[in-house]
Every structure is written in C-alpha cells, then in structure tokens.
Asks: 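Below you'll find the structure I mean.
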2 protein chains.
Amino acid sequence: MPRMVKIEDVARAAGVSVATVSRVLNEQGHVLPETQEKVRKAADELRYQPNLSARNLRKNESRIILILAPNFSNPYYSNVLAGICDVSRNLGYSTLIYNTYDSNALDQTLVTHLFQKNRADGMITLAINRDDRWLTQIAGKYPLVQCSEYVEDEPIPHISVDNRSAAKESVSMLIAQGHRRIGIVTSANRYLSSANRMRGYLDALEEADIARDESLIAYASADYSFASGKQAARELLSLPEPPSAIFCVSDILALGVIAAAGKMGLQVPWDLSVTGFDDVDYTTMFHPYLTTVSVPCYDLGRRSMQLLYDQIVQKPGAEREVYLPHKVIVRETTAQYAKQQ
Amino acid sequence: MPRMVKIEDVARAAGVSVATVSRVLNEQGHVLPETQEKVRKAADELRYQPNLSARNLRKNESRIILILAPNFSNPYYSNVLAGICDVSRNLGYSTLIYNTYDSNALDQTLVTHLFQKNRADGMITLAINRDDRWLTQIAGKYPLVQCSEYVEDEPIPHISVDNRSAAKESVSMLIAQGHRRIGIVTSANRYLSSANRMRGYLDALEEADIARDESLIAYASADYSFASGKQAARELLSLPEPPSAIFCVSDILALGVIAAAGKMGLQVPWDLSVTGFDDVDYTTMFHPYLTTVSVPCYDLGRRSMQLLYDQIVQKPGAEREVYLPHKVIVRETTAQYAKQQ
DNA sequence: AGCCGTCATGTAATCCATTACATGAATGGC
DNA sequence: GCCATTCATGTAATGGATTACATGACGGCT
C-alpha cells in the first residue's frame, strides 16, 4: 500500500493552508481564482485523493447505499441492480450489496444493525415481505426506499408497477381469447407482488362472471424456481378438468409450466395457453416466445435510487409512492381457446 | 438519523476508560474478566456500534472489497458474485460493486482511482482483458485477484478453469461423434477465456488431423449476446459447405445458434450439433437441453475471495494460480454425425 | 479620518476509535 | 524487605478532512 498524499501535502505544495485547499476542492467559493489555480495544479500533480474515512467521519455520512437483495441469479434482480448502480454512481454513492437469501430472515434488529454497522446513508430493499411492518420503525429513522416489493398499507416510500391491474389485464386477455378455466401458478412467499397478482387474477375472473375454483390455484416454492413451476403445473394439469390456460406470476415459473406441459404431451399454445410476468431476457430466446407482462426493472432500479437520494438530501415534496407503467406483451404461448370436439 | 452512541458513552456507563472499552471489544486481552463483563454489558445495553469511518481512519483499512464486474444480467457473473459475497461476509468484509460495462474502458488510472477513492482493501476483477498488462502495476501495490479472466503471462494471482483443455475435450467429443466440419462461434472480445477456448478448439482439430478452415470461425459481439449468436450462426450455416457441428464459447451464444438454425429449418441435434460453455441455469429450462461444459462459477467466486483474503493478511505461501475442475456435460444438442444420403 | 463590512486566508477544534506510552499496583525472586 | 517484572488500566496522541472562528487587508461611507 503506497503512502497516501494528504491534504497537508497539497497545501504545502501550493503554498496555502489546508483550509484553502479544502475550500477549493469542495468548491465553496471565497478563494481567489489564481489561488484556486495553484491548488488545483498541486492536487493534480500529487494525484491527491481525499481520504474518505476522514471525510465521512467529519461529515457524518458514508456515501454508501445499502442494497438488500435476495439473490443475484434471478435476472429480474440483476436488472434492477444495474439501474440502481448506474444512478448511484452518477450521484457519487457506492452501492453495497447485502445478500439476504431468504427475506424471512430479515428483522428489525438485523436491518438496524446493518445500517449502523455500515453507516449507510440509505437503503433500498428489493424483496421485503408484505407484512414486515417493523420496517416502518426503520423508515422513521433512516432514508429507505422499497423497490418492487413493499409492505402493504404502511406509509414507507416505495416504487413498483401496479401488479394487480397488470395481472387483471393479462388474465382478461386470456378470457377474451375464450378461455374459461384459467389456472394460476403463484408463489408460496409473502411478497405483495404475488398477492396483488393473485388479486388481479381474481378481479378478472369476477369481471367475467367466472366462479373462483380453488383447485385451479397452485403454489410454487417461494423462490420462483423452474422446478417448482413444473411441479405446480403437473398438479393443475392432472386435474380431472384441467385448465386451458395458466397465468404464472413469474417468467421462470411459466417456463417450468411449459416444460411440464410438454412432458405431459400438451402443445403450447394449442393445447394450453401460458402467460408469464416480468419479461426477463430469455422469454425470447427460444420458441414458443413467452406471452408476458413487461416490467421496467432497470427503470425501477433507477427511480428507486433517485427517490432515495431525494430523501437523503431532504428534498421537499419528494415522492413517496411511484408506479411505473407495465405492458402486456402477447407472443406465442397464448392462443384462442378451441374446444376439442 | 438518531444520535450515535460512542465509545465514550460506553466507557462512562461501565465506569472505565475508553481504552479499556476498546481493548475488550477488540479482544486484546489484559483486561480482568469482571471488567470485561461490565464493558460488554454496557455496550449491549447502549447498543453500541463502533463508527467504521473512525476505525478505518485510524487503522488505515476499509474492510471493503471492490468487485469489478462487466454486467449483472449474465447469470455467469451473478453466480460468481454470489460466491464472493458469501465468503466476504463471513470474513467481515463488505463488497462494493463497480459496474465496468465494457472492460475496454478500464485502465490503470481508473483502477488506481477506484482503489484510492474507495480505500478498498482489495479488488477482484471478473473481466479483465488478456492484454491489460498495466494490471501488473496495480497488483504490485494493492491486493488483487483475477477471477475467470486474467492477463496472459503476467504473474498476477488468478483463478479460473482450464479453458483450453475444456474446449478441446468438448470439440474432441464432437469429433468422436463423427463430425469433421466443426464450426466455432467465439466472441470478438479480448478475454483470455475466448482465446483459450479457441486454442482448445484448434488443438482438438489438430489432434484429429482436421485442417483448420478459417471460414468455420465466426465472431459474435463482445458481450456474448443472444442476437449476435444468431447472426454468427447464420453466417456459418449459409456457407456452401456448412458445418455439421458448432462449438460455442458461451451458452447464450449457443442458444442463439440453435434459434438461428431453427429459423433456417435445421433440427438440433439431427441436422446440427451445438455445444455451449458455462452451464448456466437455463440450459435445462427447455428442450433440447444444451450440451455444454460446466464451470463452477459459484466456487470460482468463493475461492477468489479466499485467495484475496490470504493476500490481504499476507498469509505466507498463498496460492497465486488456481484452476478449478470443469466437466463436459453431454445432453440433447449433440448427436452422432449421420451423413445424408 | 475613522468606522464598518466584505473578502481571502489562516489557525485550530472537531469527528471517534485505536493505541503508544504512562502509571500504579501486585507478584515473585533473591 | 527490596527491586524487577507483569498486569490492569488510564491519558493523550493519532489518523486526515472539514469548518467555526480569527485575522488582516482593503474599499466605501459619512
């Protein structure tokens, strides 16, 4: 580790005091242009980099944003992450990623601890459970934004898409195609997005006067895994009266459903229509291309960081509840319902 | 932001000096058990968390590891990342992710700057170009580990798989299946892995006395994109004498190749064998399941962090060059070559 | 001329944990 | 019984940047 140049070195080289150097480099004015010139030249030549620990200690900030993410392998989260990182870099913040694996392991003590330990200036959660009401305590003390998932009915800033409407549109589209027995593969987690997508599904059925049928509701594992999507589909498709269409709350689940259908000799979309949710990259990497709901992950990430920044700098009138537009994208896994003769 | 408890508060509450508190909490001995007891009790009750900026300033460390990653959407990188994060957390380090997008934008000045700006204790690069020799300068000054990609012929610690052998095995397998015209879709980047996979491809041809044919070598874009895999495949398959098998240097490229083949009316594996590289999740999400080379991404991540830690604490005899085992996995995209009559 | 205000710059306090050094007590060897 | 050593603990210096306050110069006003 090479010896670090400190502000004192710059001051000596420029023939001024440390205060002046600091003022120049932090652009606080009250310094003669020619003095500024000297200081900048000295700082450049010595390749001076301020010691962040010292600065943060003094200013009582860290310029670090903590991101609570459940896993990186899901392309949904990696896109959000990219959005956050891009904006935070522009704003001069570093992003520290804390892998939560299972969001059930989070609690108030742990999150408080993370905040204090890392002296983070703010936090973005990517996967909070909808009943984690303790988060309100945290949000009262530290800047926080919930991205994608958020705690229901609590006034904590969050950003997401309108999952309920999106799901309803998606299922209504299936109904318009003539489907009446429509199954849902949802996830056995406590995310609000899952709950709202389920609500949207029920909304659509109700609007079309289709009675709710518990047997058409299947639960995949909490992590949206491909394998659990297959398993859930097997249950639905083994029903005496199987569905002609299945709405899935995530793309990976939908892929699992398609795989299971194939194994059972069903052709998608001819024998079964399937829709996904999120529109991750690989929905168009192989046929049939997936009909799904596109969610602007990258933008969700960007906007969360902007919202968080507004909170950190206490911008007056900062938004606390943002919904970005979604879009149902009809591709190749859905088709008109054709009753077999 | 609530007022922070500082060491002085703990000292007062425990009726000792700050030095004693520090000694107890840092387990440096020379403190009576009963005094330790008092201090720990006070610290617990006040929920004392040391101020990291202050500690780091004093100890001249940061407990932060910088990770240079090109993009998160590639599942290869997200798995490596997960491995790094898991180990670093256990060792008490935070991981700071710097998105490099394009590894060509990296240079000595930028990397030095990143080190100094973030006061990182060490760095792991995920995608350095094989000719970025300036990295040697950096490695002389700061702890550094190159994961997956590394600079060729420079003595900088690195960890990866033996790409050349893996590629050779993979192509030899195709040859054993009777293929003689074997194309390669590689990437137009400057990564050593691409170069070595190409070398392995050539090794296998040479061993089987198959002449090298430049027209069978196609370059996809630098980022391994699905679309560029399709484009490269179109070139190869439009040849007067097209290949009967294509070796791809990444799974996504292979998916692109399969898509392009399908569009041109070719059935994989009957009309064309395809192999990938990495074995990312979605190789078995739809049929045909991809024949590929499995690379232990997660373990590569884990071991990089361990190697880096050894360097940081200056463990004597720390390894500087590690290769983890790979495995050719034959699935459904490859088949015996059957010359059409 | 005398006073005040503004501006450029400097001096020194501050942020908080760590740790070198200092102190005083206790123990052990002779 | 005395000196040396070890041990428990305290006091104060330290790390580097920021910034409140101090200083001195200069210009303008009455």
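Chain identifiers are assigned alphabetically (A, B, ...) following the order of the sequence lines, protein sequences preceding nucleic acid strands; residue numbering begins at 1 within each chain. Note that this is a predicted model, so its numbers are computed, not measured.
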Asks: Does K6(B) put a side-chain nitrogen or oxygen below 4.0 Å from OP1 or OP2 of dC16(C)?
Replies: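 So the side chain of K6(B) is within the cut-off, an N or O lying under 4.0 Å from OP1 or OP2 of dC16(C).
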
Asks: Are the charged groups of R133(A) and E154(A) less than 4.0 angstrom apart, N to O?
Replies: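 Answer for the salt bridge query: yes.
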
Asks: Given atom CE of M4(A) and atom C1' of dG15(D), what is their separation to the nearest angstrom?
Replies: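 Taking CE of M4(A) and C1' of dG15(D), I get 14 Å after rounding.
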
Asks: From CG of N51(B) over to P of dG15(D), roughly how many Å is that when rounded to an integer?
Replies: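 The answer, rounded to whole Å, is 18 Å.
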
Asks: In whole Å, what is the span from the CD1 atom of I7(B) to the P atom of dC16(C)?
Replies: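 Between P of dC16(C) and CD1 of I7(B): 12 Å.
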
Asks: Whole-Å distance between dC15(C) P and N60(A) CG?
Replies: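 From N60(A) CG to dC15(C) P: 10 Å.
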
Asks: Taking atom CD of Q28(B) as the centre, report whether more than 12 heavy atoms of other residues, nucleotides or ligands fall under 6.0 Å from it.
Replies: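 Yes, the 6.0 Å shell around CD holds more than 12 heavy atoms from other groups.
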
Asks: Is any NZ, NE, NH1 or NH2 atom of the basic residue among D9(A) and R12(A) found under 4.0 Å from an Asp or Glu carboxylate oxygen of the other?
Replies: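 Between R12(A) and D9(A) there is a salt bridge, with a charged N closer than 4.0 Å to a carboxylate O.
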
Asks: Could you tell me the separation between the CD atom of E61(B) and the C1' atom of dG15(D), rounded to a whole number of Å?
Replies: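 Going from E61(B) (CD) to dG15(D) (C1'), I get 13 Å.
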
Asks: How long is the gap from CG on L126(B) to CG on L81(B), to the nearest 0.5 Å?
Replies: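 Nearest 0.5 Å value for the CG-CG distance: 6.5 Å.
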
Asks: More than 12 heavy atoms of other residues, nucleotides or ligands under 6.0 Å from CZ of R47(B): yes or no?
Replies: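 No, not enclosed.
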
Asks: Please figure out whether R55(A) or L57(B) has its closest DNA chain D nucleotide nearer the 5' end.
Replies: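 Whichever sits nearer the 5' end wins; that is L57(B).
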
Asks: Can you tell me if Y48(B) touches the phosphate of dA17(C), counting only side-chain N or O atoms and a distance under 4.0 Å to OP1 or OP2?
Replies: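 Answer is yes, contact under 4.0 Å.
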
Asks: Considering every strand and a 4.0 Å limit on heavy-atom distances, what is the contact class for N26(A): base, sugar-phosphate, or nothing?
Replies: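 Counting heavy atoms under 4.0 Å across all strands, the contact made by N26(A) is with sugar-phosphate only.
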
Asks: Polar pairs (N or O, both sides) under 3.5 Å between protein and nucleotides 6-10 of chain C?
Replies:
from: dT9(C); atom 1: OP1; to: T35(A); atom 2: OG1; distance (Å): 2.6
from: dT9(C); atom 1: OP2; to: L32(A); atom 2: N; distance (Å): 3.0
from: dT9(C); atom 1: OP2; to: T35(A); atom 2: OG1; distance (Å): 3.3
from: dG10(C); atom 1: OP2; to: S17(A); atom 2: N; distance (Å): 2.7
from: dG10(C); atom 1: OP2; to: S17(A); atom 2: OG; distance (Å): 3.0
from: dG10(C); atom 1: OP2; to: T20(A); atom 2: OG1; distance (Å): 2.7
from: dG10(C); atom 1: N7; to: R23(A); atom 2: NH2; distance (Å): 2.9
from: dG10(C); atom 1: O6; to: R23(A); atom 2: NH1; distance (Å): 3.4

Asks: May I ask you to verify if any side-chain N or O of R58(B) is less than 4.0 angstrom from the OP1 or OP2 atom of dT14(D)?
Replies: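 R58(B) to dT14(D) OP1/OP2: no side-chain N or O under 4.0 Å.
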
Asks: Under 4.5 Å between any side-chain heavy atoms of L68(B) and N99(B), yes or no?
Replies: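 When only atoms from C-beta onward are counted, N99(B) and L68(B) do not touch, as no gap falls below 4.5 Å.
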
Asks: Measure the acute angle between the ring planes of Y150(A) and Y323(A), then classify it against the limits of 30° and 60° as parallel, tilted or perpendicular.
Replies: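 Because their plane-to-plane angle is over 60°, the rings of Y150(A) and Y323(A) count as perpendicular.
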
Asks: Send over the distance from L25(A) CG to dT18(D) P, rounded to a whole Å.
Replies: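 L25(A) atom CG is separated from dT18(D) atom P by 8 Å.
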
Asks: Give the rounded distance in Å between these two atoms: CD of E8(A) and P of dG15(D).
Replies: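 In whole Å, dG15(D) P lies 9 Å from E8(A) CD.
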
Asks: Could you give the CG-to-C1' distance, from L52(B) to dC16(C), as a whole number of Å?
Replies: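 These atoms are roughly 11 Å apart.
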
Asks: Here's a test of your reading of the structure: between Q28(B) and A54(B), which maps to the more 5' nucleotide of DNA chain C?
Replies: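 Looking at DNA chain C, the more 5' nearest nucleotide goes with A54(B).
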
